[in-house]
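Here the structure is a predicted model, which means the values were calculated and not measured.
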Amino acid sequence: MNILEETKSLVAKEKHFTYLILKNLQKIDKDKKYAEIGYGSLFKYLVRELKYSDAEAALRVTNVRLMNKSETVEKSLKDNHLNLSQGGAL
């Protein structure tokens, strides 16, 4: 496998893992699990515990909330028809 093919493969895996992380964050947010370890919000958990930047955390929170409102958005994220930035712009 050459470097271009390998990179394409890794990006596909990254997108899949991003969706899986969003699904976990959806569950964490729904049950407010972040409060169990002292965080007042999902955003604070993402920034302080998981070390996302403010911008990265905001995109993830926005996408989790969109997934809660729309099965179409969730399916689009899962199928890579929508990315985090696009979801954040909705």
Side-chain angles (χ1 to χ4, degrees):
M1 178 182 303
N2 70 39
I3 191 72
L4 297 173
E5 292 170 347
E6 180 182 0
T7 301
K8 187 174 183 177
S9 174
L10 289 169
V11 168
K13 290 174 185 175
E14 176 186 34
K15 290 179 183 225
H16 175 71
F17 282 113
T18 297
Y19 172 74
L20 294 177
I21 290 166
L22 289 174
K23 286 298 292 177
N24 277 2
L25 293 175
Q26 189 179 35
K27 294 172 190 171
I28 289 167
D29 193 41
K30 178 180 180 257
D31 298 333
K32 298 191 182 341
K33 291 286 191 185
Y34 49 79
E36 294 175 9
I37 54 173
Y39 296 106
S41 68
L42 179 60
F43 179 83
K44 288 180 182 175
Y45 167 73
L46 290 170
V47 171
R48 294 182 183 158
E49 186 72 19
L50 300 183
K51 308 300 184 207
Y52 282 109
S53 70
D54 287 358
E56 291 170 323
L59 279 175
R60 282 155 182 79
V61 169
T62 298
N63 279 277
V64 164
R65 303 276 161 77
L66 284 171
M67 287 168 59
N68 290 339
K69 292 179 184 176
S70 170
E71 289 181 19
T72 302
V73 168
E74 183 172 340
K75 182 168 178 10
S76 293
L77 285 163
K78 181 180 182 182
D79 296 341
N80 294 318
H81 298 288
L82 184 70
N83 65 42
L84 289 177
S85 295
Q86 292 166 326
L90 293 177

task: Report the C-alpha separation of H16 and L20 in whole Å, then their side-chain angles, then the decisive distance to 0.1 Å, and conclude whether the side chain to side chain contact (heavy atoms under 4.5 Å, CB included) test is met.
output: CA-CA 6 Å; H16 175 71; L20 294 177; 3.4 Å; yes
field: Audit row: L82, L90, side chain to side chain contact (heavy atoms under 4.5 Å, CB included) steps and yes/no
entry: CA-CA 10 Å; L82 184 70; L90 293 177; 4.3 Å; yes
Within this structure, what is the [atom1]-[atom2] distance for the pair [X] and [Y], rounded to the nearest 0.5 Å?
| X | Y | atom1 | atom2 | answer |
| --- | --- | --- | --- | --- |
| L50 | I28 | CG | CD1 | 7.0 Å |
| L25 | N63 | CG | CG | 10.5 Å |
| Q26 | N68 | CD | CG | 4.5 Å |
| N83 | Y19 | CG | OH | 15.5 Å |
| L46 | S53 | CG | OG | 10.0 Å |
| H81 | Q86 | NE2 | CD | 11.0 Å |

field: Audit row: D29, R65, side chain to side chain contact (heavy atoms under 4.5 Å, CB included) steps and yes/no
entry: CA-CA 9 Å; D29 193 41; R65 303 276 161 77; 2.9 Å; yes
- prompt: Would you say E14 and T18 make side-chain contact, with heavy atoms under 4.5 Å?
  reply: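 A side-chain contact exists here, since the closest heavy-atom pair is under 4.5 Å.
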message: Would K33 and E36 count as a salt bridge (Lys or Arg N to Asp or Glu O under 4.0 Å) here? Give the steps.
response: CA-CA 5 Å; K33 291 286 191 185; E36 294 175 9; 3.4 Å; yes
- prompt: Looking at residues at least two apart in the chain, or sitting in another chain, which of them share a side chain to side chain contact (heavy atoms under 4.5 Å, CB included) with I37?
  reply: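 I37: side chain to side chain contact (heavy atoms under 4.5 Å, CB included) contacts with Y39, Y45, E49.
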message: I'd like to know if the side chain of S76 reaches the main chain of T72, judged simply by a donor and an acceptor atom lying under 3.5 Å from each other, with no hydrogens or angles considered.
response: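 Yes, because the side chain of S76 sits within donor-acceptor range (under 3.5 Å) of the backbone of T72.
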query: Crowded around E71 CD? As in, over 12 foreign heavy atoms under 6.0 Å?
result: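 Counting neighbours around CD of E71, 12 or fewer heavy atoms of other residues, nucleotides or ligands fall under 6.0 Å, so no.
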message: To check you understand the geometry: which heavy-atom pair defines the closest contact between V73 and S70, and what is its length?
response: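 Scanning both residues, the minimum pair turns out to be N-OG, 3.1 Å.
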query: Which atom names give the shortest non-hydrogen contact between A57 and V47, and what distance separates them?
result: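 Answer, listing the atom of A57 first, then V47: CB-CG2, 3.6 Å.
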message: Grouping I, L, V, M, F, W and Y whenever their side-chain heavy atoms are under 4.5 Å apart, do L10 and L4 come out in a common cluster?
response: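 No, no single cluster joins them.
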